[in-house]
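Computation of the quantities below employed the complete heavy-atom set of this structure, encompassing side-chain atoms and omitting hydrogens, waters and symmetry-equivalent molecules.
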Amino acid sequence: MAQSLVLVSDLHKDYQTAAGAITVLKQVNFSMDAGDFVAIMGPSGSGKSTFMNILGCLDKPTSGQYTLDGHQVANLSGNALAQIRNQTIGFVFQGFNLLSRVSLLDNVALPLVYSGVNKSERQARAKVLLEKVGLGQYINSLPNQISGGQQQRVAIARALVNHPRLILADEPTGNLDSKTSEDIMTLFSELNADGITIVLVTHESDIAAYASRQIRFLDGRIVQDTRSKTIASIASAKEPD
Amino acid sequence: MFSAMLGEAWRAMGANRLRTFLTMLGMVIGVGAVVLMMAIGQGAQESVKQSINAMGSNLFIVLSGSFTASGARSGSGNASSLTVIDANAISELDGVSNVAPISMGNAQVVFGNNNWATSIIGTTPAYLEIRVWDLEDGYVFSESDMRSATRVALIGKTVVDNIFGDINPIGKTIRIKQNPFVVLGVLKSKGQSLDGRDQDDTIIIPLTTAQRKILGNRFAGSVRQIMVQANTPEVMTMVEQNINGLLNQRHNIREGADSDFFVRNLTAVANSAAETTRTMSLLLGAIASVSLLVGGIGIMNIMLVSVTERTREIGIRMAIGARERDILLQFLLEAIVISVIGCLIGLFLGITGAMLVNKLTQAAVVISGNSVMIAFAVAASVGIFFGFYPARKAARLNPIEALRYQ
Ligand SMILES: Nc1ncnc2c1ncn2[C@@H]1O[C@H](COP(=O)(O)OP(=O)(O)OP(=O)(O)O)[C@@H](O)[C@H]1O
Ligand SMILES: [Mg+2]
């Protein structure tokens, strides 16, 4: 069987608060293959974002194992983690998280700065991606000069610019209207069809329906894991990594 | 990568221009003050050094003592206790390279319709050698002039300016106390002495002529002072002891009795003057450095504010792959850019200020390449030193907490 891209076993996450330790993730076991498109659902506070941050190497579990692409994440140095965030993973946030004083082009090109790509190539690649998400005419605008849906596309373009294998999107449509959400989801479906693995958190089941697999969190545990057959998931099953 | 970071630093500075300007101002004032104070301090040192060089090196001056007449004691140098023969005896001592007996006084000098009161020094040609005093024009009187007490004179710049104006003085006849003197040479300008006297306001004539015709001594052959030059700085103590011993013996001074002369080490006096100005310029520099330090603390303060304000930005950068050292470098570079630009402006203002001080007060200022380099290096180090802590603080942020920061 093909090696899983993401393999999580017996994951726990505690937070220390003034009221004492609270356990946010309990005994989470999860694996996914390259090419999967997973939607994570669950009530507010059930630990979805916490789980995503751990998957994205932004946060560390209290205990348990996380293996990404064959590497034990717990054993990696700070620089190695930064490199994974830079080259293997593309993060898309609910709040877009663009740099407000920087042009869209430079926002999209920013990950390339940290992988040492020279300026002309950075700009060329960022421009291609902005065109791909339909914002070719706004490259020199600032984030506050475009709409929320457009900002989220910029954030997706930024997540894609370094050709990541895994996209992690935490409520990417949470701030968007349903028409704009649909456009964003179409974009994700296309990316998945191109072979990019996607994990996406959402509260809406019609958004989750774009994914080939739905997972439900409740009180820090995975309580449900269903697969809906899509072309993408079949393709990935045939194509071991 | 590096140029991209410089661009970032530039943009971050531009985002809050007033704040950047005020932060820079601390640096500007610090560097400006250091450069200005160093220029003034070094200028003072330089002019003292010039005065010392103009004085001559390894010098003693032997002064005749005071005499007591009807119970009133005159000032030192007024007794006629030193003679030309004393001077000759001193020149025989070990370690003595040159000796010049000196008689002096003031007199009115006349040329044509102009007259001028100046000091007259009667001495031997050795005096000019000891004081490293060259002629600008003409030549020095000779030994035969000394023997026959010829009426010839070497005149200083100030005297030339006051009685000759544009006329070439060489070969002209001037009158000193009614006696006609032929001008043999014009002395090179020496400027002020350590005690602020104008050394160019003088006329040098042969000692014998001065004694017989101008100054008039109660005892023939007596002199006011004897200038003595030692071979090297090392033998000075020995030479001083030997002069004291020799003169005590020659003047029949019993052990324990008061001498009728003084030996003064001029070089030691000069060195202590040099030491004083050196201390003063160090002190000026130290005070100015404090403002540089304050400027540095200002940078640190603003960088800390900036890191806090931009916590979320730092989180975003980390989330898309910035390493600790990328963040560190970014903030460090910002601090360095601020301090280096501040330093350049400060250098400019400090140098301009020094030139202004020179224009307005005639005080010597020295702007050495060294002091400029030091100021620049210090400013860059201040930027690194005071920028490092905030930058490290930024780099050590936890990405997820930084992202959550509102
Ligand atoms: N830094 C923290 N310190 C303490 N508790 C935290 C921290 N971060 C999250 N929590 C707690 O962990 C729990 C899970 O939070 P998480 O953000 O993962 O939920 P979520 O499923 O993403 O919710 P939502 O759907 O509202 O985004 C919450 O109860 C939250 O209060
Ligand atoms: Mg959440």
Side-chain angles (χ1 to χ4, degrees), chain A residues 13 15 49-50 52-60 77-103 106-123 142-143 155 157-162 164 168 170, chain B residues 1-20 302-303 305-334 337-338 391-406:
Chain A
K13 177 71 183 177
Y15 279 118
S49 293
T50 307
M52 288 291 271
N53 292 337
I54 291 172
L55 288 188
C57 299
L58 288 169
D59 207 351
K60 291 201 157 131
S77 68
N79 282 349
L81 292 176
Q83 195 180 347
I84 287 178
R85 293 196 292 266
N86 187 234
Q87 288 166 16
T88 310
I89 297 172
F91 224 106
V92 180
F93 303 90
Q94 178 174 5
F96 319 137
N97 277 343
L98 300 174
L99 297 187
S100 54
R101 292 192 304 255
V102 174
S103 74
D106 286 343
N107 257 297
V108 173
L110 197 57
L112 299 175
V113 170
Y114 297 118
S115 35
V117 176
N118 71 44
K119 184 167 183 178
S120 56
E121 192 185 336
R122 285 202 302 266
Q123 297 203 327
L142 291 176
R158 182 180 67 188
L160 290 172
V161 77
N162 231 347
L168 300 173
D170 193 354
Chain B
M1 174 85 180
F2 193 75
S3 68
M5 293 218 154
L6 261 182
E8 294 280 355
W10 189 250
R11 183 157 46 204
M13 285 165 55
N16 206 330
R17 288 205 186 85
L18 180 63
R19 192 158 87 188
T20 306
I302 282 306
M303 290 312 293
V305 171
S306 172
V307 167
T308 309
E309 275 181 358
R310 286 152 69 189
T311 299
R312 202 175 161 79
E313 174 194 324
I314 295 165
I316 295 172
R317 288 177 183 275
M318 286 176 160
I320 61 172
R323 288 156 298 189
E324 272 191 27
R325 74 172 126 109
D326 296 324
I327 303 291
L328 184 88
L329 200 65
Q330 182 189 337
F331 282 89
L332 205 53
L333 218 63
E334 207 173 306
V337 168
I338 288 180
R392 200 188 60 160
K393 197 175 160 195
R396 296 253 172 114
L397 283 174
N398 175 310
I400 201 72
E401 275 163 24
L403 272 174
R404 221 177 257 140
Y405 186 88
Q406 290 307 316

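The part of B/E8 that comes within reach of chain A is its side chain, from C-beta onward, which places non-hydrogen atoms under 4.5 angstrom from that chain. No part of A/L81 comes within reach of chain B, as not one of its non-hydrogen atoms sits under 4.5 angstrom from that chain. Using a 4.5 Å cut-off between heavy atoms, B/I316 contacts chain A through its side chain alone, with no backbone atom that close. Using a 4.5 Å cut-off between heavy atoms, A/N118 does not touch chain B at all.
At least one donor-acceptor pair under 3.5 Å links the side chain of B/D326 to the backbone N or O of B/R323. Looking at B/T20, its side chain does come within 3.5 Å of a backbone N or O of B/M13 through a donor-acceptor pair.
Identified under the salt bridge (charged side-chain N to carboxylate O under 4.0 Å, His left out) test for residues 307-316 of chain B, with sequence neighbours left out: A/R101-B/E313, B/R19-B/E309, B/R310-B/E313, B/R310-B/E334, B/E313-B/R317.
With 3.5 Å as the limit, one finds no donor-acceptor pair spanning the side chains of A/T50 and A/D59.
Shown here for B/V307 and B/I314, the closest heavy-atom pair between the two residues is O-CD1, 4.0 Å.
Contacts with chain B were tallied for A/I89, A/V161, A/L110; A/L110 has the most, counting heavy-atom pairs under 4.5 Å.
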